[in-house]
Every structure is written in structure tokens, then in C-alpha cells.
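Heads up: the structure comes next, in C-alpha cells.
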Amino acid sequence: MDIKLFNGLHDRLETFKPIQPGKVTMYVCGPTVYDYVHIGNLRPLVVFDVLKKLFIALGYQVHHVSNYTDIDDRIIEKAQKEKVDEVTIAKRYIQAYQEDVAKMNALLPDQTPTVTEHLQAMITFIGKLIKDGFAYKTPSGDVFFRVNKVKNYGQLSHVDIHENKIGARVEVNPDKENPFDFVLWKHTTQGIKFSAPFGEGRPGWHTECVVMIKETFKQTLIDIHGGGFDLKFPHHENEMAQAQAAYQSRLANYWLHNGFINLNAEKMSKSTGNIFLAKDFLSTYSGPLLRYVLLATHYRMPVNISPLIIDNAQQELKKIQIGVAQIASYIQLQGASINNQKATPPESFLATLADDINTSNALTIIHQYLKEANGLLRQSHPPLDMLLNRFFTIQAMLSILGLAIEFPILTTEDHQLYKDYLQAKSNQNFGRSDEIRKILHQRNILF
RNA sequence: GGUUCCUUAGCCAAGUGGUAAGGCAAUUGACUGCAACUCAAUCACCAUCGGUUCGAUUCCGAUAGGAACCUCCA
């Protein structure tokens with residue numbers, strides 16, 4: 001089955017062709033661990049998790065890498081403020097992030113490189129760029145990348161380096177040869193710093209990612225590079241420029257960017273306080289709820305989060321939860337096993353996901369299956385084999401979307417309760433049957 | 001100023017050159033001891049104006065409104 005992805009490099013849908021048949025190399029820019037992440041940071045997590053699960057379902061072997069940026073000005077600032085070292089800060093927020101990842105039911109990347117692990121490689125990398133004339137040192141001790149030296153700078157984001165309006169809103173560093181030149185090595189006097197032939201300091205963000213890619217994949221070209229839309233410029237553009245300079249590679253064949261999450265129709269922003277921390281959302285609501293909200297909209301479109309939308313999503317999710325639980329209960333009450341059945345998702349389901357990750361239509365297919373199964377359950381003699389088939393098929397689909405929908409595992413006590421419930425009902429002992437119904441309802445067995 | 005993008009029913013949201021998926025909400029009906037759950041039915045002139053076309057919501061242009069990036073940012 002062909003997989004079509006919207007390649008930000010050419011701004012069009014393209015059929016995915018892996019570098020190595022049957023294998024996918026995918027790098028997703030991870031968080032800078034200076035604080036708790038907000039729900040927006042979780043969108044790429046969900047998008048690329050679904051993509052990864054799709055690839056796996058289609059038989060690909062996926063090598064998925066996502067970094068932690070653990071050297072950054074904001075981390076240094078925070079460390080100084082709290083009078084601890086940078087490692088302490090990074091560790092704290094990496095752990096918090098991983099807790100969020102778990103609650104979102106996302107697969108962990110195969111590797112999670114950090115800047116500190118690959119510093120030497122970054123220093124070597126920058127040294128080579130200087131030697132080859134792609135970078136220069138300024139009087140202040142910073143090392144900048146020389147964008148004029150690479151062809152096609154701007155090919156990803158369509159910026160024009162000869163456009164002189166760049167400084168209209170931003171004060172241009174007079175040390176730069178071109179306003180688009182970006183820092184590879186920041187000369188620093190405070191906080192964590194490292195020694196390099198070109199002075200003490202720390203690497204720039206764009207260099208960090210490009211080097212981590214080379215170091216973890218051991219390749220200079222990967223299949224997929226992903227991240228939020230805002231990363232397209234300057235981050236990804238600059239990563240690509242460095243790869244062009246260092247090894248004449250465009251770094252990745254497919255550049256995927258997810259849209260933003262807005263909060264109450266406004267961009268999330270720390271300065272205005274319009275922000276929803278992931279950990280707060282996940283404790284107030286749930287991982288499946290956030291995932292559902294994100295899956296309901298195409299990944300390149302913006303998603304707005306508001307009380308109304310959360311409410312709506314809760315209703316929709318509840319419908320799926322009830323359906324799945326009812327089928328699961330019926331199957332078990334019939335004495336059939338609910339475990340370890342393998343099922344493949346329907347072809348149409350995989351096809352719609354293979355069409356640029358159309359999760360919205362994927363959810364529609366799940367709804368169709370649920371509706372049919374609900375209909376089967378209403379028959380006077382529901383066909384068990386068909387229900388088993390539908391149940392495991394739905395499970396297979398939910399699993400690819402990463403929607404963790406809980407269903408009850410019935411105990412012998414539950415079986416007895418259900419019998420008692422039916423008995424009480426047929427005896428017209430409604431007081432008793434209502435009592436049992438309440439218990440079974442709490443256990444997610446009856447609704 | 002430059003560069004991208006969006007506008008589909010009360011709400012969320014797919015999608016297509018041949019007269020619009022799905023879900024939520026609502027209304028009606030069926031089922032039920034009652035309720036819940038579920039099922040069925042009903043519910044859209046696809047922002048506006050031009051153009052291309054036998055035919056456009058879908059392509060092109062303009063207008064209106066909205067958003068993002070260009071500065072750390074998923």
C-alpha cells in the first residue's frame with residue numbers, strides 16, 4: 001500500500017519511498033527541557049506516534065528518534081535562578097515529559113539523544129564548517145553559519161536571503177554577514193559551558209539537532225523529519241543548510257509539520273498566560289481525551305481547545321467507550337475469551353491513514369464498526385463469532401490510533417451478579433435488579 | 001513589508017470537477033418495568049463576487065474576515 005505524505009519540502013502530497021526498502025528512519029524534534037510542556041507540545045507526539053504505528057502495521061521496520069534539548073539558554077537561566085546545575089533541571093523535566101508520554105499512550109522513541117551526550121561531535125562538526133568556509137567567528141566569540149555559502153538556502157521555508165526587509169521588526173546583529181546567518185556556537189560566560197577550539201561556549205539549537213541525527217542514525221540522510229509548523233523556519237531550514245554544507249545532503253527526504261493547538265481561539269503563549277500545561281490537562285481530563293481531540297482534526301490543521309470542544313469530545317469518546325465495553329462484556333458473558341486474539345485493521349482504515357494520516361476519517365471507520373456491532377448486540381441472539389470479529393478489529397484500529405479505551409475484564413463474581421440481575425428482573429424484583437444494575441454500571445459492564 | 005495557510009450545518013469536522021462523510025447537540029420514532037445504552041429517521045443553497053468548464057463547494061483571480069512564521073517556541 002502506498003503511503004502519501006504532505007512533504008513540506010515541496011508543499012505537496014508525495015508517495016513515500018523509503019531510502020531502504022521496508023525501513024523508515026524518522027526524527028522528531030523533541031522538547032527543550034526547561035519547564036513542563038504544554039498540550040501543544042503533545043501534538044507532534046500524537047501525530048508521529050500514529051504515523052509510526054501505521055508504518056509498523058504495514059510491515060515497516062521503524063527507527064524512531066526524538067531528542068531532548070538539554071542545553072539551552074532557558075535551561076541555564078532556570079538553573080541559575082534555582083541555584084542548581086543544568087543537569088538537575090533537564091532531568092526533572094525529562095522525567096515529567098516521559099510521564100506525559102506514557103499517559104498519552106505513545107510509544108517511546110527507539111533513541112532519545114541529548115545534547116550533552118553528543119557535544120564532542122558538535123564541536124567537531126562546527127570546526128569542520130569553519131574550516132570549509134561555511135562558518136565564521138565574530139569578535140564577540142560567537143560562531144555563525146554563512147547562509148550565502150550554501151545554494152538553495154530557503155528551499156524549505158521560501159525565505160529569500162536577499163530580501164532586506166528582514167530587519168524591519170528585528171534588530172540585526174551587526175556582526176552577521178547576512179541577517180539570516182544563525183549561531184552555531186554561542187560564546188557564554190555564565191552557566192554551563194564547554195571548551196572548543198573556537199572558544200568557550202555552547203552549541204546553538206540548530207546544530208544540536210543536525211548532529212544528533214547524524215550521531216544516532218549514523219547516516220547523513222534520513223526518511224522523515226518532523227516537528228511543529230513553527231520549526232519549519234528557522235530551525236529546519238537551518239538544519240538542512242548545515243547538512244548541505246557538511247555533507248551535501250538535504251538531511252531528510254520528507255519534512256512533516258503539524259499544526260498548532262490554540263487555546264480559546266488564541267495562540268498559547270507563556271507571556272499572556274494563555275497556556276494549558278500537559279500535566280494539568282492530563283490530570284483534569286485524560287490522555288485518551290486529548291488524543292481524541294487531536295485525532296479528530298487533520299494534523300496539518302489548527303486545533304482549538306475550549307471548554308465547549310472538550311465537552312464535545314468527551315461525549316464522542318464516551319460513545320466509543322460504552323460501545324467497546326458493552327461488546328467486551330457481552331463476549332465474556334457468553335463465556336468467550338477476550339484476550340490474545342489477533343486481528344488486522346480493515347484495509348480501508350489503513351488506506352485512509354496512508355492518505356496523509358487522515359485520522360479524522362479513521363475515526364469515522366471506527367464509528368461505523370461500532371454502530372454495526374451495537375446493532376448486532378440488539379439482536380435477540382447476537383452472533384458471538386461476528387461480535388468477536390468486530391471487537392478485535394476495533395481493538396486493532398484503536399491500537400494504531402493509540403486510543404486506549406478501557407473495557408471490563410469480568411470476574412466470576414461479575415458473572416454471578418449478571419445472572420442475579422437477570423433473575424431479579426424476570427422475577428420483577430426491580431428494587432433488587434436496580435441495585436445490581438448500579439453495581440454493574442460502576443464496573444463498566446452495564447449502561 | 002515578505003512567506004505560508006484557513007473560511008463546509010447550532011458545535012466539531014472529512015472530502016470531491018458531476019449537485020456534500022462522520023460525530024456531538026436537537027426533534028421524532030423503536031426498544032425498555034422505569035431509566036440508561038443502542039438503533040432508525042429528520043437536520044447544509046460548502047464566506048462573497050467574477051473567470052475557466054457541458055458542469056465548481058472542489059481549479060484560477062479578486063474581495064471580506066481570520067491565523068501562523070519571518071524573534072525563543074510543537
Side-chain angles (χ1 to χ4, degrees), chain A residues 8 11 28-32 34-35 37-48 66 69 72-74 77 154 157-160 162-172 179-180 205 226-235 237 257-262 265-271 275 278 292-293 295-304 306 308-320 322-323 325-326 352 355 358-368 370-380 424-426 428-431 433-434 437-438 441 446-447:
Chain A
D11 284 334
V28 182
C29 288
T32 300
Y34 71 104
D35 202 346
V37 298
H38 59 244
I39 51 178
N41 293 276
L42 262 28
R43 192 166 190 192
L45 183 80
V46 169
V47 169
F48 293 102
S66 190
T69 303
D72 180 271
D73 282 348
R74 288 164 295 175
E77 270 171 38
S157 57
H158 311 115
V159 298
D160 179 0
H162 304 298
E163 173 66 51
N164 55 13
K165 297 262 167 52
I166 177 77
R169 287 177 48 206
V170 187
E171 203 176 318
V172 176
F180 283 97
W205 180 37
F229 216 82
D230 56 329
L231 261 36
K232 197 170 180 180
F233 187 86
H235 187 51
E237 186 75 60
H257 300 102
N258 62 269
F260 265 38
I261 297 180
N262 295 323
E266 273 180 46
K267 186 187 165 172
M268 273 197 276
S269 154
K270 282 210 158 172
S271 50
I275 200 157
Y292 189 90
V293 169
L295 293 171
T297 304
H298 189 88
Y299 76 93
R300 284 190 278 117
M301 295 291 120
V303 166
N304 185 36
S306 69
L308 208 69
I309 283 157
I310 290 175
D311 204 53
N312 201 337
Q314 276 175 325
Q315 293 293 337
E316 297 182 31
L317 189 59
K318 189 174 150 202
K319 183 166 174 155
I320 297 177
I322 288 175
Q326 283 192 322
T352 197
D355 182 15
N358 193 330
T359 50
S360 183
N361 279 340
L363 285 175
T364 293
I365 295 174
I366 291 179
H367 274 115
Q368 283 169 359
L370 268 175
K371 180 173 281 198
E372 193 213 355
N374 278 329
L376 293 173
L377 277 178
R378 273 303 178 113
Q379 294 180 5
S380 49
K425 259 211 322 186
S426 69
Q428 304 210 339
N429 183 354
F430 296 125
S433 75
D434 283 352
R437 182 166 72 187
K438 202 173 166 191
H441 178 70
L446 268 190
F447 294 88

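In what follows, every chain begins at residue 1, and chains take the letters A, B, ... in the order their sequences are listed.
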Query raised in the report: Can K232(A) and D11(A) be counted as an ion pair, charged N to O under 4.0 angstrom?
Result: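 Yes.
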
Query raised in the report: Could you go step by step and tell me if E316(A) and I320(A) meet the side-chain contact (heavy atoms from CB on, under 4.5 Å) rule?
Result: CA-CA 7 Å; E316(A) 297 182 31; I320(A) 297 177; over 6 Å; no

Report task. Decide yes or no, distance alone: a donor-acceptor N/O pair under 3.5 angstrom between the base of A74(B) and the side-chain of H38(A). Result -> yes

Go ahead and name the base partner of [N]; Watson-Crick or wobble counts if both distances stay under 3.5 Å, otherwise write none.
{"N": "C59(B)", "value": "G51(B)"}
{"N": "C69(B)", "value": "G2(B)"}
{"N": "U7(B)", "value": "A64(B)"}
{"N": "C34(B)", "value": "none"}
{"N": "A40(B)", "value": "U28(B)"}
{"N": "C45(B)", "value": "none"}

Check whether any side-chain N or O of [X] sits under 3.5 Å from a backbone N or O of [Y] as a donor-acceptor pair, and report yes or no.
{"X": "S157(A)", "Y": "E237(A)", "result": "no"}
{"X": "H257(A)", "Y": "G228(A)", "result": "no"}
{"X": "D355(A)", "Y": "N358(A)", "result": "no"}
{"X": "R43(A)", "Y": "F260(A)", "result": "yes"}
{"X": "N374(A)", "Y": "L370(A)", "result": "yes"}
{"X": "N304(A)", "Y": "A265(A)", "result": "yes"}

When the distance from [atom1] of [X] to [atom2] of [N] is rounded to whole Å, what number comes out?
{"X": "D230(A)", "N": "A67(B)", "atom1": "CG", "atom2": "P", "answer": "17 Å"}
{"X": "N304(A)", "N": "G66(B)", "atom1": "CG", "atom2": "C1'", "answer": "12 Å"}
{"X": "L317(A)", "N": "A13(B)", "atom1": "CG", "atom2": "C1'", "answer": "16 Å"}
{"X": "D355(A)", "N": "U16(B)", "atom1": "CG", "atom2": "C1'", "answer": "12 Å"}
{"X": "N41(A)", "N": "C72(B)", "atom1": "CG", "atom2": "P", "answer": "17 Å"}
{"X": "F260(A)", "N": "C69(B)", "atom1": "CZ", "atom2": "P", "answer": "6 Å"}
{"X": "R300(A)", "N": "A68(B)", "atom1": "CZ", "atom2": "P", "answer": "19 Å"}
{"X": "E237(A)", "N": "C72(B)", "atom1": "CD", "atom2": "C1'", "answer": "18 Å"}

Query raised in the report: Which sits closer to the 5' end of RNA chain B, F229(A) or L308(A), going by the nucleotide each is nearest to?
Result: F229(A)

Requested in this report: Report the residue (D11(A) or A296(A)) whose heavy-atom-nearest nucleotide on RNA chain B is the more 5′ of the two.
Outcome: D11(A)

Tell me which nucleotide among [options] gets nearest to the side chain of [X].
{"X": "M268(A)", "options": "A14(B), A74(B), C72(B)", "result": "A74(B)"}
{"X": "L231(A)", "options": "A74(B), A21(B), C24(B)", "result": "A74(B)"}
{"X": "I261(A)", "options": "A74(B), G22(B), U4(B)", "result": "A74(B)"}
{"X": "Y292(A)", "options": "G23(B), A14(B), A25(B)", "result": "G23(B)"}
{"X": "T297(A)", "options": "C6(B), A13(B), A21(B)", "result": "A13(B)"}

For atom [atom1], what is the distance between [N] and [M], given to the nearest Å?
{"N": "U16(B)", "M": "C31(B)", "atom1": "P", "result": "42 Å"}
{"N": "A35(B)", "M": "U28(B)", "atom1": "P", "result": "14 Å"}
{"N": "U7(B)", "M": "U58(B)", "atom1": "C1'", "result": "14 Å"}
{"N": "G61(B)", "M": "C45(B)", "atom1": "C1'", "result": "23 Å"}
{"N": "G33(B)", "M": "U19(B)", "atom1": "P", "result": "46 Å"}
{"N": "G18(B)", "M": "C46(B)", "atom1": "C1'", "result": "15 Å"}
{"N": "A26(B)", "M": "C12(B)", "atom1": "C1'", "result": "15 Å"}
{"N": "U8(B)", "M": "G66(B)", "atom1": "C1'", "result": "16 Å"}

Sugar-phosphate, base or nothing in reach of [X], heavy atoms under 4.0 Å:
{"X": "G227(A)", "result": "sugar-phosphate"}
{"X": "H235(A)", "result": "nothing"}
{"X": "L446(A)", "result": "nothing"}
{"X": "E316(A)", "result": "base"}

Query raised in the report: Taking only N and O in the side chain of N312(A), is any of them less than 4.0 Å away from OP1 or OP2 of A25(B)?
Result: no

Requested in this report: Going 5' to 3' through nucleotides 29-41 of chain B, assign each nucleotide B (protein heavy atom under 4.0 Å from a base atom), S (under 4.0 Å only from sugar-phosphate atoms) or - (no protein heavy atom that close).
Outcome: --B-BBBBBBSS-

Query raised in the report: Which one of T359(A), V46(A), L363(A) satisfies the side-chain contact (heavy atoms from CB on, under 4.5 Å) criterion with Y292(A)?
Result: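 Of the listed options, the one satisfying the test is L363(A).
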
Report task. Check whether any side-chain heavy atom of H235(A) sits under 4.5 Å from a side-chain heavy atom of D230(A), and report yes or no. Result ->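 With C-beta onward as the side chain, the pair stays apart.
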
